[in-house]
Amino acid sequence: MKFLYLLTLFFFTSGLTMAQSEEQPVKHYRGTVEIGYLYGNNKQGDIDNFVAAPSVKIFNGFRLHRLLAVGATTGFDFYNNLLITPFAVGIRGEVFDTRISPIYSIDAGYGSALLSHESDNEKKKGGWMFNPALGFRVRSGHSTAYTFAAGYKTQKAETVYTWGGNESEQKINFKRVSVQLGFMF
(Lines give C-alpha, C1' and ligand atoms only; values in the text may rest on other atoms or scores of the structure.)
Protein backbone atom coordinates (compact mmCIF):
# COMPACT_ATOMS: atom_id res chain seq x y z
CA MET A 1 0.00 0.00 0.00
CA LYS A 2 2.88 2.36 0.83
CA PHE A 3 4.47 1.59 -2.50
CA LEU A 4 1.25 2.45 -4.39
CA TYR A 5 0.88 5.65 -2.39
CA LEU A 6 4.52 6.70 -3.13
CA LEU A 7 4.13 5.81 -6.81
CA THR A 8 0.97 7.93 -7.08
CA LEU A 9 2.66 10.80 -5.25
CA PHE A 10 5.68 10.53 -7.56
CA PHE A 11 3.54 10.71 -10.74
CA PHE A 12 1.48 13.59 -9.34
CA THR A 13 4.53 15.70 -8.40
CA SER A 14 6.36 14.93 -11.63
CA GLY A 15 3.28 16.08 -13.55
CA LEU A 16 3.29 19.34 -11.61
CA THR A 17 6.96 19.82 -12.25
CA MET A 18 6.50 19.29 -15.98
CA ALA A 19 3.57 21.72 -15.99
CA GLN A 20 5.74 24.36 -14.35
CA SER A 21 8.52 23.94 -16.90
CA GLU A 22 6.19 24.75 -19.78
CA GLU A 23 6.47 28.37 -20.78
CA GLN A 24 3.51 30.49 -19.79
CA PRO A 25 2.70 33.67 -21.75
CA VAL A 26 4.25 36.69 -20.11
CA LYS A 27 2.11 39.81 -20.34
CA HIS A 28 3.86 43.05 -19.45
CA TYR A 29 5.32 46.29 -20.78
CA ARG A 30 8.19 46.04 -23.27
CA GLY A 31 10.37 49.02 -24.16
CA THR A 32 13.39 49.32 -26.41
CA VAL A 33 15.67 52.28 -27.17
CA GLU A 34 17.95 51.87 -30.20
CA ILE A 35 20.59 54.07 -31.78
CA GLY A 36 22.42 53.36 -34.98
CA TYR A 37 22.99 54.30 -38.59
CA LEU A 38 21.17 54.03 -41.90
CA TYR A 39 23.66 53.16 -44.64
CA GLY A 40 22.91 53.81 -48.30
CA ASN A 41 23.52 55.63 -51.56
CA ASN A 42 22.40 59.16 -52.32
CA LYS A 43 22.25 59.38 -56.09
CA GLN A 44 22.41 63.00 -57.16
CA GLY A 45 22.56 63.17 -60.91
CA ASP A 46 25.51 61.05 -62.01
CA ILE A 47 27.27 61.22 -58.64
CA ASP A 48 26.91 58.36 -56.14
CA ASN A 49 27.42 59.40 -52.52
CA PHE A 50 27.59 56.67 -49.90
CA VAL A 51 26.26 58.03 -46.61
CA ALA A 52 25.74 56.89 -43.04
CA ALA A 53 22.80 58.77 -41.51
CA PRO A 54 22.20 58.60 -37.73
CA SER A 55 18.97 57.07 -36.43
CA VAL A 56 17.26 56.88 -33.03
CA LYS A 57 14.30 54.58 -32.42
CA ILE A 58 12.02 54.05 -29.39
CA PHE A 59 9.56 51.14 -29.11
CA ASN A 60 6.87 51.00 -26.41
CA GLY A 61 4.60 48.01 -26.35
CA PHE A 62 2.89 45.15 -24.62
CA ARG A 63 4.54 41.74 -24.53
CA LEU A 64 1.91 39.06 -25.16
CA HIS A 65 4.37 36.16 -25.47
CA ARG A 66 8.11 35.67 -25.86
CA LEU A 67 7.54 35.53 -29.63
CA LEU A 68 5.23 38.57 -29.82
CA ALA A 69 5.24 42.11 -28.48
CA VAL A 70 3.01 44.70 -30.14
CA GLY A 71 3.34 48.46 -29.74
CA ALA A 72 4.25 51.82 -31.24
CA THR A 73 7.59 53.01 -32.59
CA THR A 74 8.83 56.57 -32.96
CA GLY A 75 12.22 58.24 -33.27
CA PHE A 76 14.38 60.39 -35.52
CA ASP A 77 15.99 59.51 -38.87
CA PHE A 78 18.46 62.03 -40.29
CA TYR A 79 18.75 61.96 -44.07
CA ASN A 80 20.67 64.48 -46.23
CA ASN A 81 18.89 67.71 -45.36
CA LEU A 82 15.74 66.05 -44.09
CA LEU A 83 14.73 65.02 -40.56
CA ILE A 84 12.06 62.31 -40.57
CA THR A 85 10.11 61.42 -37.42
CA PRO A 86 8.55 57.97 -37.90
CA PHE A 87 5.27 57.00 -36.23
CA ALA A 88 4.76 53.28 -36.72
CA VAL A 89 3.13 50.14 -35.46
CA GLY A 90 5.84 47.79 -34.25
CA ILE A 91 6.06 44.05 -33.72
CA ARG A 92 8.95 42.46 -31.80
CA GLY A 93 9.83 38.93 -30.78
CA GLU A 94 12.48 36.75 -29.19
CA VAL A 95 13.03 33.25 -30.58
CA PHE A 96 14.41 31.51 -27.47
CA ASP A 97 14.01 32.00 -23.73
CA THR A 98 17.76 31.82 -23.15
CA ARG A 99 20.38 34.40 -22.18
CA ILE A 100 21.32 34.95 -25.84
CA SER A 101 18.54 34.73 -28.40
CA PRO A 102 17.78 35.75 -31.99
CA ILE A 103 15.22 38.56 -32.25
CA TYR A 104 13.11 40.09 -34.98
CA SER A 105 11.30 43.39 -35.45
CA ILE A 106 8.92 44.85 -38.01
CA ASP A 107 7.90 48.52 -38.08
CA ALA A 108 5.40 49.95 -40.56
CA GLY A 109 3.89 53.42 -40.54
CA TYR A 110 4.32 57.03 -41.60
CA GLY A 111 7.44 59.18 -41.40
CA SER A 112 6.64 62.85 -40.81
CA ALA A 113 8.86 65.75 -41.89
CA LEU A 114 7.16 68.09 -39.41
CA LEU A 115 10.38 68.75 -37.44
CA SER A 116 12.57 69.14 -40.52
CA HIS A 117 13.96 72.61 -41.26
CA GLU A 118 12.22 74.38 -44.15
CA SER A 119 13.18 77.56 -45.92
CA ASP A 120 10.69 80.01 -47.40
CA ASN A 121 10.88 78.44 -50.83
CA GLU A 122 10.67 74.76 -49.91
CA LYS A 123 8.10 72.46 -48.31
CA LYS A 124 9.04 69.00 -47.04
CA LYS A 125 6.63 66.10 -46.64
CA GLY A 126 7.11 62.66 -45.19
CA GLY A 127 5.70 59.37 -46.43
CA TRP A 128 5.19 55.72 -45.70
CA MET A 129 7.98 53.70 -44.10
CA PHE A 130 8.72 50.01 -43.57
CA ASN A 131 11.58 48.55 -41.51
CA PRO A 132 12.06 44.80 -40.92
CA ALA A 133 15.16 43.73 -38.94
CA LEU A 134 16.85 40.64 -37.51
CA GLY A 135 19.38 40.45 -34.73
CA PHE A 136 20.11 39.06 -31.30
CA ARG A 137 19.74 40.09 -27.69
CA VAL A 138 21.88 39.38 -24.65
CA ARG A 139 20.16 39.50 -21.27
CA SER A 140 21.83 41.71 -18.71
CA GLY A 141 19.34 41.25 -15.89
CA HIS A 142 15.95 39.78 -15.07
CA SER A 143 14.01 41.89 -17.58
CA THR A 144 16.72 43.93 -19.34
CA ALA A 145 18.90 43.13 -22.32
CA TYR A 146 21.25 44.62 -24.89
CA THR A 147 20.27 44.22 -28.55
CA PHE A 148 22.01 44.30 -31.91
CA ALA A 149 19.94 44.30 -35.09
CA ALA A 150 20.42 44.82 -38.81
CA GLY A 151 17.61 45.43 -41.24
CA TYR A 152 16.41 47.26 -44.31
CA LYS A 153 14.50 50.54 -44.08
CA THR A 154 12.53 52.13 -46.86
CA GLN A 155 11.16 55.66 -46.34
CA LYS A 156 9.26 57.82 -48.83
CA ALA A 157 9.54 61.62 -48.73
CA GLU A 158 8.85 64.61 -50.92
CA THR A 159 10.31 68.10 -51.25
CA VAL A 160 8.54 70.90 -53.16
CA TYR A 161 10.65 73.90 -54.21
CA THR A 162 8.95 77.18 -55.15
CA TRP A 163 10.65 80.19 -56.70
CA GLY A 164 8.97 82.97 -58.59
CA GLY A 165 5.89 81.37 -60.09
CA ASN A 166 7.58 78.02 -60.73
CA GLU A 167 7.31 74.88 -58.64
CA SER A 168 9.55 71.82 -58.68
CA GLU A 169 8.71 68.57 -56.92
CA GLN A 170 11.26 65.95 -55.87
CA LYS A 171 9.95 62.56 -54.73
CA ILE A 172 12.48 60.53 -52.79
CA ASN A 173 12.42 56.86 -51.79
CA PHE A 174 15.21 56.30 -49.27
CA LYS A 175 16.34 52.65 -49.18
CA ARG A 176 18.86 52.04 -46.42
CA VAL A 177 20.50 49.21 -44.52
CA SER A 178 19.92 49.84 -40.81
CA VAL A 179 22.34 48.82 -38.07
CA GLN A 180 21.10 49.38 -34.50
CA LEU A 181 22.42 48.89 -30.96
CA GLY A 182 19.79 49.01 -28.26
CA PHE A 183 18.68 48.47 -24.70
CA MET A 184 15.54 46.43 -24.00
CA PHE A 185 13.57 46.74 -20.78
Side-chain angles (χ1 to χ4, degrees), residues 29-64 68-94 102-137 145-185:
Y29 170 79
R30 171 65 70 201
T32 305
V33 177
E34 296 175 328
I35 58 172
Y37 284 96
L38 301 170
Y39 296 98
N41 254 348
N42 279 343
K43 290 190 177 185
Q44 297 172 345
D46 293 333
I47 302 170
D48 283 347
N49 296 326
F50 183 79
V51 294
S55 174
V56 177
K57 195 164 42 169
I58 300 169
F59 170 81
N60 290 293
F62 192 70
R63 183 176 177 198
L64 302 172
L68 182 65
V70 179
T73 303
T74 189
F76 300 103
D77 295 333
F78 300 91
Y79 297 100
N80 293 345
N81 58 353
L82 188 62
L83 170 62
I84 297 288
T85 305
F87 299 100
V89 173
I91 298 173
R92 305 280 189 274
E94 306 168 19
I103 59 172
Y104 73 90
S105 68
I106 301 170
D107 295 320
Y110 185 81
S112 172
L114 183 66
L115 299 177
S116 190
H117 174 72
E118 293 181 351
S119 63
D120 292 338
N121 61 345
E122 71 178 352
K123 177 130 177 81
K124 298 176 181 178
K125 299 178 188 175
W128 296 104
M129 57 83 60
F130 183 67
N131 184 203
L134 294 173
F136 64 91
R137 64 118 174 93
Y146 293 101
T147 64
F148 172 80
Y152 185 76
K153 183 165 196 166
T154 178
Q155 170 70 59
K156 294 188 181 221
E158 183 178 329
T159 304
V160 179
Y161 298 99
T162 308
W163 65 97
N166 299 327
E167 192 173 278
S168 173
E169 185 177 287
Q170 180 184 18
K171 293 189 177 192
I172 308 163
N173 191 8
F174 295 106
K175 298 176 181 177
R176 304 287 168 93
V177 171
S178 66
V179 177
Q180 304 280 333
L181 292 173
F183 183 72
M184 182 185 295
F185 50 94

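Worth saying up front: this structure is predicted, and the values here are computed from it rather than measured. We count residues from 1, following the sequence as given.
For N131 (side chain) and Y152 (main-chain N/O), a donor-acceptor pair under 3.5 Å exists by modelled atom type. A distance-only check finds no donor-acceptor pair linking the side chain of Q155 to the backbone of F130 [under 3.5 Å].
T85 is not listed as a side-chain neighbour of L114, based on a closest heavy-atom distance of 4.5 Å or more. A heavy-atom distance below 4.5 Å is not found between the side chains of M184 and Y146. Residues N173 and T154 are in side-chain contact: their nearest non-hydrogen atoms beyond the backbone lie under 4.5 Å apart.
In this structure, F136 and I103 approach most closely via the heavy-atom pair N-CG1, 3.6 Å. The minimum heavy-atom distance linking F185 with V33 is given by the pair CE2-CG2, 4.0 Å. The shortest heavy-atom contact between G90 and T73 is CA-OG1, 3.9 Å. Between P86 and G75 the shortest heavy-atom distance is CD-O, 3.4 Å. When all heavy atoms of R176 and L38 are compared, the closest pair comes out as CB-CB, 3.8 Å. The two residues L134 and Y104 make their nearest non-hydrogen contact at CD2-CB, 3.8 Å.
Salt-bridge check for R30 with E94: passed, with a basic side-chain N closer than 4.0 Å to an acidic carboxylate O. Between K153 and D107 no salt bridge is recorded (no basic side-chain N to carboxylate O distance below 4.0 Å).
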Should S168 and W163 be marked as a side chain to side chain contact (heavy atoms under 4.5 Å, CB included) after you check the CA-CA gap, both sets of side-chain angles, and the distance that decides it? CA-CA 9 Å; S168 173; W163 65 97; 3.7 Å; yes
Step-by-step side chain to side chain contact (heavy atoms under 4.5 Å, CB included) determination, L181 to T147: CA-CA 6 Å; L181 292 173; T147 64; over 6 Å; no
Might you work through the side chain to side chain contact (heavy atoms under 4.5 Å, CB included) test for I58 and T32, ending with a clear yes or no? CA-CA 6 Å; I58 300 169; T32 305; over 6 Å; no
Give the intermediate values and the outcome of side chain to side chain contact (heavy atoms under 4.5 Å, CB included) for residues L115 and F76. CA-CA 9 Å; L115 299 177; F76 300 103; 3.6 Å; yes
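Summarising the geometry, atom CD1 belonging to I84 is positioned 7.0 Å from atom OG belonging to S112; distances are rounded to the nearest 0.5 Å. A distance of 9.0 Å separates OG of S178 from CG of D77, quoted to the nearest 0.5 Å. The OG1 atom of T162 lies 10.0 Å from the NZ atom of K123; values are rounded to the nearest 0.5 Å.
Residues satisfying the side chain to side chain contact (heavy atoms under 4.5 Å, CB included) criterion with K125, sequence neighbours excluded, are E158. Considering only residues two or more places apart in sequence or on other chains, E34 meets the salt bridge (Lys or Arg N to Asp or Glu O under 4.0 Å) condition with K57.
A 6.0 Å sphere centred on OH of Y37 holds no more than 12 heavy atoms belonging to other residues, nucleotides or ligands.
When each of N81, L83, I172 is paired with K124, the side chain to side chain contact (heavy atoms under 4.5 Å, CB included) condition holds for N81 and for no other.
For an aromatic pair to be called close, the ring centres must be under 6.0 Å apart, and Y79 with F174 satisfies this.
Y29 and N60 form a side-chain donor-acceptor contact under 3.5 Å, judged by distance and modelled atom types alone.
A cation-pi geometry, defined here as NZ or CZ lying under 6.0 Å from the six-membered ring centre and within 45° of its normal, holds between R92 and F59.
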